[in-house]
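Everything below concerns the one structure shown next.
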Amino acid sequence: MNISAVSSNGTDALDQGFYLIAFNTIGNKNYIFMSLVLIYLITLLCNLIVLKVFIMNSSLQIPKFLAVCNLAVVDISINSVIIPQMVPVFVLNLNHISFEACFSQMFFMHFFGDLESFSLALLAYDRLIAICFPLRYPYINTNLRMGLIIAGLWFLVFLLELFPVTLASNLPYCKSRVVHSSCCEHGPVFVLACTDISFNKRLATAKSLVVLLCPLTFIILSYIVVVFAVLRIASTAQRWKAFNTCLTHMVLVLIYYVPIILAYILGGLKLVQATDLYTAILTVSVTLPPMLNPIIYSLKTEELRGKVFTFIKPQKVKHDLQKQEKYFR
């Protein structure tokens, strides 16, 4: 399979669009692309199973799993925006992308990417209420309230992304149109503008800090409160049960934040000089958590794990139940 992109300097003023160039200097780039395709297929399969199980089981239609389904939708969306568009670029050698398509992808890629961070904070909020206010949880955290919070987060992230992307789309691009990235990321695109972009840089930095550090700070503070609340529980068994309910979410947080923070550190400190290698690291860092989230949550959450296994192997479960019925007769 040949996935090399057609090169172009993209300097033609009449050329309405950009050229995506990535992975050209990396050996075995076919494996990178095939890995991303595998990540995408597993992301779709696992998250769709979680959504299907949620819809089919009324016992799971509670605020906690409403937040989980929101994360599943975001996971599917972020990888659907990033990976499928790589097929024409790296398989069919069609690396040209129009202005409209580029900035549309830019908006939705950053929109769902940032929404992932807020969705993890939403799960932390749910655990905070469940552990600190267990008796009042059904009254504080209703399905309606959780739905309103989710809608509010989507609207907030929409506003956060609208201005930077609109500002970037209105810049004059009269220099090179070659975007050294696998997709239309905000940073690699606006740096090609032939005008002062200092405000765009400050805005991009501020927005990144907000969407990463604000949810992360909330998550850390919520777990500090949770730890103090759990330590006041007299029973050791109840303490462990409370900590165990938070363990899955903490794993999801680490899977999302650690690779992205490391990728930004590598880029900011120029520890990775090769642009293609850094692009590959950043792409995998962004696309891997949406694949792992449903797998980890399904395996670590008892209620969801049982329903998922029943969905995957309905005939086997039915056969086992029939054997148990015969045994107890």
Side-chain angles (χ1 to χ4, degrees), residues 47 50 53-54 57-75 114-157 209-262 289-290 292-308:
N47 283 289
V50 170
V53 168
F54 174 78
N57 295 273
S58 58
S59 61
L60 295 180
Q61 295 171 9
I62 57 178
K64 173 184 176 180
F65 291 109
L66 195 61
V68 173
C69 286
N70 171 70
L71 181 62
V73 171
V74 174
D75 286 340
D114 296 343
L115 197 56
E116 180 105 358
S117 182
F118 284 96
S119 297
L120 292 173
L122 182 63
L123 288 174
Y125 158 78
D126 178 79
R127 292 300 82 204
L128 177 68
I129 301 299
I131 292 176
C132 296
F133 308 99
L135 298 179
R136 298 175 58 191
Y137 178 86
Y139 306 100
I140 297 176
N141 208 16
T142 63
N143 281 343
L144 175 60
R145 186 164 297 172
M146 180 63 77
L148 291 175
I149 293 174
I150 291 172
L153 290 178
W154 281 61
F155 184 66
L156 172 63
V157 177
L209 291 175
V210 168
V211 300
L212 284 176
L213 295 185
C214 286
L216 181 58
T217 301
F218 175 81
I219 291 170
I220 293 173
L221 292 176
S222 69
Y223 274 106
I224 291 175
V225 174
V226 165
V227 167
F228 280 106
V230 170
L231 291 177
R232 289 200 298 266
I233 300 176
S235 171
T236 304
Q238 288 180 328
R239 285 185 193 175
W240 170 245
K241 184 178 180 180
F243 275 125
N244 195 46
T245 60
C246 299
L247 180 61
T248 304
H249 180 250
M250 287 189 286
V251 173
L252 300 186
V253 170
L254 291 175
I255 287 175
Y256 174 76
Y257 281 102
V258 171
I260 289 183
I261 291 174
L262 288 178
L292 296 176
N293 286 346
I295 298 174
I296 294 173
Y297 216 99
S298 298
L299 292 177
K300 293 294 294 181
T301 306
E302 185 176 350
E303 309 101 307
L304 190 57
R305 182 173 64 244
K307 301 295 184 182
V308 168

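Computed from a predicted structure; not experimentally measured. Quick note: numbers below take in every heavy atom, side chains included, and nothing from hydrogens, waters or symmetry partners.
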Write down the atom of [X], the atom of [Y], and the distance for their closest heavy-atom approach.
X: Ser119; Y: Asn70; result: OG-ND2, 3.0 Å
X: Ile62; Y: Asn143; result: C-OD1, 3.1 Å
X: Pro290; Y: Pro294; result: O-CD, 3.3 Å
X: Ser222; Y: Leu128; result: O-CD1, 3.7 Å
X: Leu123; Y: Ala67; result: CD2-CB, 3.6 Å

Residue pair [X] / [Y], side-chain heavy-atom distance below 4.5 Å:
X: Asn293; Y: Val50; answer: no
X: Tyr223; Y: Val253; answer: no
X: Val211; Y: Val157; answer: no
X: Tyr256; Y: Leu212; answer: yes
X: Leu144; Y: Leu148; answer: yes
X: Phe118; Y: Val74; answer: no

Could you measure the distance from the [atom1] atom of [X] to the [atom2] atom of [Y]? Nearest 0.5 Å is fine.
X: Tyr137; Y: Ile131; atom1: OH; atom2: CD1; value: 10.5 Å
X: Ile261; Y: Leu254; atom1: CD1; atom2: CG; value: 9.5 Å
X: His249; Y: Leu120; atom1: NE2; atom2: CG; value: 5.0 Å
X: Ile260; Y: Ile255; atom1: CD1; atom2: CD1; value: 12.0 Å
X: Ile140; Y: Ile129; atom1: CD1; atom2: CD1; value: 5.0 Å
X: Ile150; Y: Cys69; atom1: CD1; atom2: SG; value: 8.5 Å

### Message
Would the distance check show the side chain of Gln61 and the main-chain N or O of Phe54 forming a donor-acceptor pair, the cut-off being under 3.5 Å?
### Response
yes
### Query
Between Asn141 and Asp126, is there a donor-acceptor pair closer than 3.5 Å when you use the side chain of the first and the backbone of the second?
no
### Task
Please name all residues satisfying side-chain contact (heavy atoms from CB on, under 4.5 Å) with Ile149, sequence neighbours left out, ordered by chain then number.
Leu122, Tyr125, Arg145, Leu153
